[in-house]
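All values below were derived from every heavy atom in this structure, side-chain atoms included, with hydrogens, water molecules and symmetry-related copies excluded.
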Amino acid sequence: MRPSYEQLEERLRFANARLAEMSGANLAADVKAATGLACQQARVLAMLYSSPGTVSVGLIWTETMQQNNGDGPTIEAVKVRVSQIRKCLRDLGVCPSIVNEWGFGYRLTDEARGWLAERLARRAAA
């Protein structure tokens, strides 16, 4: 038996919600609201926050900057975004915030992770 149109719509809604959850889209929106970062910066910070270890530069670029057709800023833009995030977090009193794992990528410091977790928890409680 073929699924009805309504069943297919429901499956699509569920799949889109799951994809947003897996990609960190909801977390990025929360990070943006909690920190005041721009969209792309918030997506990078959300990715670093959700990863327990180091995230490669290539993965950050692919997930946050590359467009569907493969275009977008160069991979050097990751360095710029991380620099902007560091400056913003430093202005908010969080330093050090992001560590460069030379030749691989970036990771969030425990101090920054705790600070962001506290901000997100306060935001969720409000």
With a 4.5 Å heavy-atom cut-off, do [X] and [Y] have their side chains touching?
X: Cys88; Y: Ile85; answer: no
X: Leu37; Y: Val44; answer: no
X: Met47; Y: Ile60; answer: yes

Using side-chain contact (heavy atoms from CB on, under 4.5 Å) as the criterion, list what pairs up with [X], not counting sequence neighbours.
X: Ser50; value: Leu27
X: Ala121; value: none
X: Glu118; value: Arg122
X: Thr54; value: Glu101, Phe104, Arg107

Exercise for review: Any chance you could lay out the side-chain contact (heavy atoms from CB on, under 4.5 Å) test for Thr74 and Trp61, step after step, and finish with the verdict?
Suggested key: CA-CA 8 Å; Thr74 66; Trp61 181 76; 5.8 Å; no
Revision key, fill the gap. Rounded to the nearest 0.5 Å, the OH atom of Tyr49 sits from the CG atom of Leu116 at a distance of 5.5 Å
Which heavy atom of [X] sits nearest a heavy atom of [Y], and at what distance?
X: Glu111; Y: Cys95; value: OE2-O, 3.1 Å
X: Arg119; Y: Ala34; value: NH2-O, 2.6 Å
X: Val31; Y: Thr35; value: O-OG1, 2.7 Å
X: Ala42; Y: Ala28; value: CB-O, 3.6 Å
X: Ser51; Y: Arg113; value: O-NH2, 3.1 Å
X: Ser97; Y: Ala112; value: O-CB, 3.5 Å

Review point. Transitively linked via ILVMFWY side-chain contacts under 4.5 Å: Val57 with Val80?
Key: no
Check your understanding: Are Val99 and Leu45 in one and the same hydrophobic cluster, where Ile, Leu, Val, Met, Phe, Trp and Tyr link if side-chain heavy atoms are under 4.5 Å apart?
Key -> no
Point to revise | All pairs passing side chain to side chain donor-acceptor pair (under 3.5 Å) where residues 80-90 contributes a residue, at least two apart | key: Gln40-Arg81, Gln41-Gln84, Lys87-Asp91
Review point. Should Asp110 and Trp115 be marked as a side-chain contact (heavy atoms from CB on, under 4.5 Å) after you check the CA-CA gap, both sets of side-chain angles, and the distance that decides it?
Key: CA-CA 8 Å; Asp110 291 338; Trp115 176 86; over 6 Å; no
Check your understanding: Where the side chain of Thr109 meets the backbone of Pro96, is there a donor-acceptor pair that is under 3.5 Å apart?
Key -> yes
